[in-house]
Amino acid sequence: MAAASPSVFLLMVNGQVESAQFPEYDDLYCKYCFVYGQDWAPTAGLEEGISQITSKSQDVRRALVWNFPIDVTFKSTNPYGWPQIVLSVYGPDVFGNDVVRGYGAVHVPFSPGRHKRTIPMFVPESTSKLQKFTSWFMGRRPEYTDPKVVAQGEGREVTRVRSQGFVTLLFNVVTKDMRKLGYDTGPPDMQGASGPTPPQGLPQ
């Protein structure tokens, strides 16, 4: 009896929040969370995490190395709302308060395989000199109440931001049953868990 055709496909993502470059800051930690469309659901792993605090390396790069693992599996019936990972980096200010040092977001790579992404980070800015002084004096920088807004376009055009630092991510992506549902994400031999493919040139 023929197996029923799949009604969902799987996206398996593992890897790590590898490192960051924030020349002006030290002793930083990172939070991540995934944002995805309504047709998506996590089936295994963790949707969010918080890393350890790290200090700059002593070599020339002066990198902040976390090597913080990511491991999550999603199922979906529809590629619309493909998952994005949202990063928030925090560290102490001169008063010892934890303040945000950068936000950034990137889509999980569409094609299976190993991918490296460097994400430019940014921070929201006060819109007036008075607000800027008050936030410095009170030790409270402007920040988002929900970091997930970083992954959405709505309302972002009214936010004033400043670029600050970079974070490097490593992804290992495997998809299952995407091709069976009619979605082409790359060459057949890169389809990871979607099964073996016949050698080139042979009848299928």
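Basis for what follows: all heavy atoms, side chains included, without hydrogens, waters or symmetry-related copies. Given the structure is predicted, the values throughout are model-derived calculations rather than measurements.
Closest of all the heavy-atom pairs between T77 and Y183 is O-OH, 3.8 Å. In terms of heavy atoms, V65 sits closest to T54 at O-OG1, 3.0 Å. Nearest approach of P83 to F34, heavy atoms of both residues: CB-CD2, 4.4 Å. Pairing each heavy atom of D27 with each of L64, the nearest pair is N-CD2, 4.2 Å. Minimum heavy-atom separation, P147 to Y103: CB-CE2, 4.1 Å. Summarising the geometry of K56 relative to Y25, their closest heavy-atom pair is CE-O, 2.8 Å, with the distance given to 0.1 Å.
Residue I85 holds its CD1 atom at 11.5 Å from CD of E47, rounded to the nearest 0.5 Å. Rounded to the nearest 0.5 Å, atoms CZ (F22) and CZ (R62) are 15.0 Å apart. Here CD of E18 is found 14.5 Å from CZ of F68. Values are rounded to the nearest 0.5 Å. Between the CD1 atom in I50 and the NZ atom in K31 there is a gap of 5.0 Å [rounded to 0.5 Å]. Rounded to the nearest 0.5 Å, atoms CD (E48) and OH (Y32) are 8.5 Å apart. Separating the CG atom in L181 from the OG atom in S7 is a distance of 7.5 Å, to the nearest 0.5 Å.
Criterion: ILVMFWY side-chain heavy atoms under 4.5 Å apart, direct or through other members. Under it, V8 and V13 are not part of a common hydrophobic cluster.
With hydrogens and angles disregarded, no donor-acceptor distance shorter than 3.5 Å links the side chain of T118 to the backbone of T168. Formation of a donor-acceptor pair under 3.5 Å by the D93 side chain with backbone atoms of G96 is found in this model. Judged by distance alone, the side chain of Q84 and the main-chain N or O of A151 form a donor-acceptor pair under 3.5 Å. Side-chain atoms of W66 come within 3.5 Å of backbone atoms of L28 as a donor-acceptor pair (strictly under, hydrogens ignored). Under a 3.5 Å cut-off, the side chain of S57 and the backbone N or O of A63 do form a donor-acceptor pair.
By the 4.5 Å heavy-atom criterion applied to side chains, P112 and V174 are not counted as neighbours. Looking at K176 and F9, their side chains never come closer than 4.5 Å, going by heavy atoms from C-beta outward. Contact of the F171 side chain with the R117 side chain is registered, since non-hydrogen atoms from C-beta on lie closer than 4.5 Å. Here the side chains of V173 and L11 are in contact, with some heavy-atom distance below 4.5 Å. Between M121 and V167, some side-chain heavy-atom pair lies under the 4.5 Å cut-off. Looking at V17 and I70, their side chains come closer than 4.5 Å, going by heavy atoms from C-beta outward.
K75 NZ: 12 or fewer foreign heavy atoms inside a 6.0 Å radius. Counting non-hydrogen atoms of neighbouring residues, nucleotides and ligands closer than 6.0 angstrom, the CG atom of L170 exceeds 12 such neighbours. Counting heavy-atom neighbours within 6.0 Å of F166 CZ, excluding the residue itself, gives a total of 12 or less. By the 6.0 Å contact criterion, CD on Q52 is enclosed, its count of non-hydrogen atoms from other residues, nucleotides or ligands being greater than 12.
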Stepwise side-chain contact (heavy atoms from CB on, under 4.5 Å) check, L46 with D71 | CA-CA 6 Å; L46 295 173; D71 190 1; over 6 Å; no
Under the side-chain hydrogen bond (donor to acceptor under 3.5 Å, both in side chains) rule, what do N78 and S76 come out as? Steps first, then yes or no, please.
-> CA-CA 6 Å; N78 179 357; S76 181; 6.0 Å; no
Check step by step if side-chain contact (heavy atoms from CB on, under 4.5 Å) holds for V106 and L169.
-> CA-CA 10 Å; V106 69; L169 289 175; 3.9 Å; yes
Quick one: do M12 and T175 satisfy side-chain contact (heavy atoms from CB on, under 4.5 Å)? Show the steps, please.
-> CA-CA 6 Å; M12 289 157 267; T175 59; over 6 Å; no
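Of the N and O atoms on the side chains of Q38 and Y80, not one donor lies less than 3.5 Å from an acceptor on the other residue.
Aromatic pair W82/F74: ring centres not closer than 6.0 Å.
Of the charged side-chain nitrogens involved, none lies within less than 4.0 Å of a carboxylate oxygen, so that E24 and R101 do not count as a salt-bridged pair.
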